Amino acid sequence: MRLDKFLKVSRVIKRRTLAKEVCDSGQVLVNNRVAKAGLEVKPGDKVEINFGTRKLVFEILEIKETIPAKEAAGLYKIIEQ
């Protein structure tokens with residue numbers, strides 16, 4: 001699944017267009033490498049997002065195309081916030 005779509009489906013970022021902009025501006029690292037929106041992510045990947053002064057690091061546990069909002073947090077495990 002594309003990185004921008006995963007960020008939207010998992011509700012880490014609310015809109016896919018915003019997720020794409022964040023990725024393409026170089027604020028997202030996947031496995032310690034700068035990642036573009038089209039990067040294919042898989043379970044086990046470590047994602048780091050820099051929101052200005054805040055940093056979020058999480059590991060992808062599962063990939064699903066659609067998921068209810070209540071279960072979205074189960075797709076990843078937060079390592080650092």
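Everything quoted here is computed from the prediction, not taken from an experiment.
- In the hydrophobic cluster analysis, where Ile, Leu, Val, Met, Phe, Trp and Tyr join through side-chain heavy atoms closer than 4.5 angstrom, V41 is grouped apart from I79.
- Among residues two or more places apart in sequence or in another chain, the side-chain contact (heavy atoms from CB on, under 4.5 Å) test is passed with E62 by K64, L75.
- Of all heavy-atom pairs between F58 and I49, the closest is CE2-CD1, 3.9 Å.
- With rounding to the nearest 0.5 angstrom, the CD1 atom of I60 is 11.0 Å from the OH atom of Y76.
- The shortest heavy-atom contact between I63 and P43 is CG1-CD, 3.7 Å.
- Taking every heavy atom of both residues into account, V57 and K46 meet most closely at CG1-CE, 3.6 Å.
- Applying the salt bridge (Lys or Arg N to Asp or Glu O under 4.0 Å) definition to pairs two or more places apart or across chains, those involving residues 33-44 are K42-D45.
- In this structure, F51 is a member of the same hydrophobic cluster as V28, with clusters built from ILVMFWY side-chain heavy atoms closer than 4.5 Å.
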Between side-chain atoms of residues 2-26 and protein atoms elsewhere (two or more places apart, or another chain), which donor-acceptor pairs fall under 3.5 Å?
from: R2; atom 1: NE; to: D4; atom 2: OD1; distance (Å): 3.0
from: R2; atom 1: NH2; to: D4; atom 2: OD2; distance (Å): 3.2
from: D4; atom 1: OD2; to: R16; atom 2: NE; distance (Å): 3.3
from: K5; atom 1: NZ; to: E65; atom 2: OE1; distance (Å): 2.7
from: S10; atom 1: OG; to: F6; atom 2: O; distance (Å): 2.8
from: S10; atom 1: OG; to: L7; atom 2: O; distance (Å): 3.4
from: R11; atom 1: NH1; to: V9; atom 2: O; distance (Å): 2.8
from: R11; atom 1: NH1; to: I67; atom 2: O; distance (Å): 3.3
from: K20; atom 1: NZ; to: D24; atom 2: OD2; distance (Å): 2.7
from: D24; atom 1: OD1; to: A37; atom 2: N; distance (Å): 3.4
from: S25; atom 1: OG; to: E21; atom 2: O; distance (Å): 3.3
from: S25; atom 1: OG; to: V22; atom 2: O; distance (Å): 2.9
from: S25; atom 1: OG; to: Q27; atom 2: OE1; distance (Å): 3.0

